[in-house]
Amino acid sequence: MKNAGYQAYLVGGGVRDLLLGREPKDFDIATDAHPEQVKKVFSNCRLIGRRFRLAHVHFGREIIEVATFRANVTNGEDLDRESENGMLLRDNVYGTIEEDALRRDFSVNALYYNIEDFSVVDYTNGLPDLRDGVLRLLGDPATRYREDPVRMLRAVRFAAKLGFIINPQCEKPIFELGELLDDVPAARLFEEVLKLFMGGVALNTFEKLRHYDLFERLFPETDEYLTHEEGNFPVTFVNRGLENTDNRIAEGKPVTPAFLFAVLLWEPVRQLSNRLIAQGQSPLQAMQQAGSEIIFCQSKRISIPKRFSLPMREIWSLQHRFNHRNGKRPHRLLSYPRFRAAYDFLVLRAESGEADQELADWWTEFQTASEEDQNRMSKPKQGSSATKRKRRRRRKPKPRNQEAE
Ligand code: ATP
Ligand code: MG
């Protein structure tokens, strides 16, 4: 880049994380070259984006995003660019590096690292904020949240991830403006929710979201049950699920959005399913219908792609099958592709007191037992065989949530 006579800086989260001694997730580059000019310099470059053109430079499997400096125009020239509540509809005006810095969200995200002389360029007092561990929104906080309400989620996400505090003036409007998240497109919120809960600090993030009354904007049904907790239950389930996700990430194990969303929506699904059972549906039918309804409802706010909502439904539906421990059925369940996720889910339920620990333990043992032991474990108990065909197996009543199937 610089050989071709352009300026090029590393910018954004990569610089922030480097300066904090953390491992950067990715690097973005900002330049004064226009996208077409970037393309001329790099043969391995593709231009993307319609609203704002970006250059993607491919290095093997790595993609470096190269963006031209742009400005955040706020004069009266084009009034049509704001929606009623002040949300930005367009932001594709090229600008200087300083303007590029000011349109960013937080001061610590607006540091530029000059590749040529290894200097850090700071137009926004980002360095002192970085040192003090403060997230400070650039410009007037309420205006910036109105322009893009997702910035409230980003504030919480960075606070949890970096252990920073949100500057008091930037913190206050969040309590009042959470509603604006309702206007954010559902597809974008899905992406943001993944970043919130799959960054390794989901539990902390969740607690902060609740503190700022933002969780209810994202998962209203779930939130309702969190505030009406019964005997310590729903809260622990979501907490444990998120903790489990964090632990898996720390251990380098894979995590899937399907499991995460299955956890986050379980309580509304379970409650609805119980109501449907009370109305006479079979447990499996009830669970399937409840799953569909809750996913449908949730998708208006946060769109969950099919490739995740299908496995979510399976995880939920399989919960019911864990109750069948006799004969061939447990063997069959083991060979389900979704067995493992559903089993992990059962263990979580047991840990939070909503499912039988004994049942979870049985499955823990069963799946690793020898064939001989498995056959012994799944052999119908004496005396129950005569009635087993007609009667649905009933579990012992549990200390709480007895209406669970
Ligand atoms: P992460 O570590 O999660 O990638 P990041 O700071 O790099 O954090 P990105 O979403 O990758 O976040 O965005 C890159 C940069 O673009 C940010 O550092 C910030 O300067 C700018 N940016 C991103 N989203 C916004 C936004 N909604 N409003 C203003 N600036 C933003
Ligand atoms: Mg980034």
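Worth saying up front: this structure is predicted, and the values here are computed from it rather than measured. Whatever order the structure lists ligands and atoms in, that order sets their numbers, starting from 1.
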Is there a donor in the side chain of Gln289 and an acceptor in the side chain of Gln285, or the other way round, less than 3.5 Å apart? no
Pick one of side chain, backbone, both or neither for how Asp148 approaches ligand 1, counting any non-hydrogen atom pair under 4.0 Å. side chain
Residues which pass ring-ring contact (aromatic ring centres under 6.0 Å, His included) with His56, listed by chain and number, not counting sequence neighbours: none
Below the 2.8 Å mark, what number of protein N, O or S atoms do you get around the Mg ion (ligand 2)? 1
Using a 4.0 Å heavy-atom cut-off, which part of Arg103 comes near ligand 1: side chain, backbone, both, or neither? backbone
How far is atom 28 (N) of ligand 1 from its nearest protein heavy atom, and which residue and atom name does that atom have? Arg151 NE, 2.8 Å
Output the list of atoms in ligand 1 that are nearer than 4.0 Å to some heavy atom of Lys195, sorted by atom number. 10 (O)
Going by the side chain to side chain contact (heavy atoms under 4.5 Å, CB included) test, name the single residue among Asn109, Val108, Asn167 that passes it with Leu135. Val108
Set of residues satisfying ring-ring contact (aromatic ring centres under 6.0 Å, His included) with respect to His58, sequence neighbours excluded: none
Region of Val11 that comes within reach of ligand 1 [heavy atoms, distance under 4.0 Å]: neither
Measure Arg104 to ligand 1 on non-hydrogen atoms and call it side chain, backbone, both or neither using the 4.0 Å cut-off. both
Mark up the atoms of ligand 1 that fall under 4.0 Å of a heavy atom belonging to Gly13, in ascending order. 5 (P), 6 (O), 7 (O), 18 (O)
Straight-line distance of Gln7 CD to Phe69 CZ, nearest 0.5 Å: 5.0 Å
Keeping Asn114 on the side-chain end and Ser119 on the backbone end, is there a donor-acceptor pair under 3.5 Å? no
Distance from atom 19 (C) of ligand 1 to nearest protein heavy atom, with residue and atom: Asp105 OD1, 3.4 Å
For His320 and His324, take the angle between the two ring planes, folded into 0 to 90°, and tell me which bin it lands in: parallel under 30, tilted 30 to 60, perpendicular over 60. perpendicular
Of the protein's non-hydrogen atoms, which lies at the shortest distance from atom 4 (O) of ligand 1, and what is that distance? Lys25 NZ, 3.2 Å
Flag Arg144 as yes when one of its N or O atoms lies below 3.5 Å from any N or O atom of ligand 1, and as no otherwise. no
One residue to check: Phe106. Relative to ligand 1, which of side chain, backbone, both or neither has a non-hydrogen atom less than 4.0 Å away? neither
Taken in chain and number order and not counting sequence neighbours, the residues that satisfy ring-ring contact (aromatic ring centres under 6.0 Å, His included) with Phe259 are Phe345
Lys161: numbered ligand 1 atoms lying under 4.0 Å from its heavy atoms: 2 (O)
Protein residue, atom and distance nearest to atom 22 (N) of ligand 1, heavy-atom basis: Arg154 NH2, 3.7 Å
Counting from 1, what ligand 1 atoms have a heavy atom of Arg157 closer than 4.0 Å? 3 (O)
Any donor-acceptor N/O pair, Ser352 side chain to Thr236 backbone, under 3.5 Å: no
Closest non-hydrogen protein atom to atom 11 (O) of ligand 1, residue and atom name please, with distance? Asp28 OD2, 4.2 Å
Give a yes-or-no answer on whether the side chains of Lys208 and Asn204 include a donor-acceptor pair shorter than 3.5 Å. yes
Side-chain donor-acceptor contact under 3.5 Å, Tyr336 with Arg321: yes
Can you tell me if Gln298 uses its side chain to pair, donor with acceptor, with the backbone of Leu218 under 3.5 Å? yes
Check contact between Arg16 and ligand 1, using heavy atoms of the residue and a distance below 4.0 angstrom. yes
Please work out whether the ring planes of Tyr212 and Phe175 are parallel, tilted or perpendicular, with thresholds of 30° and 60°. tilted
With heavy atoms of Gly12 as the reference, note each atom of ligand 1 found under 4.0 Å away. 18 (O)
Assign the ring pair Trp266 / Phe237 to parallel, tilted or perpendicular, where the plane angle (0 to 90°) is split at 30° and 60°. tilted
Side chain to side chain donor-acceptor pair (under 3.5 Å) partner of Ser107, the single match among Asn125, Asp122, Asp129, Thr124: Asp129
Phe158 versus ligand 1: do any nitrogen or oxygen atoms come within less than 3.5 Å of each other? no
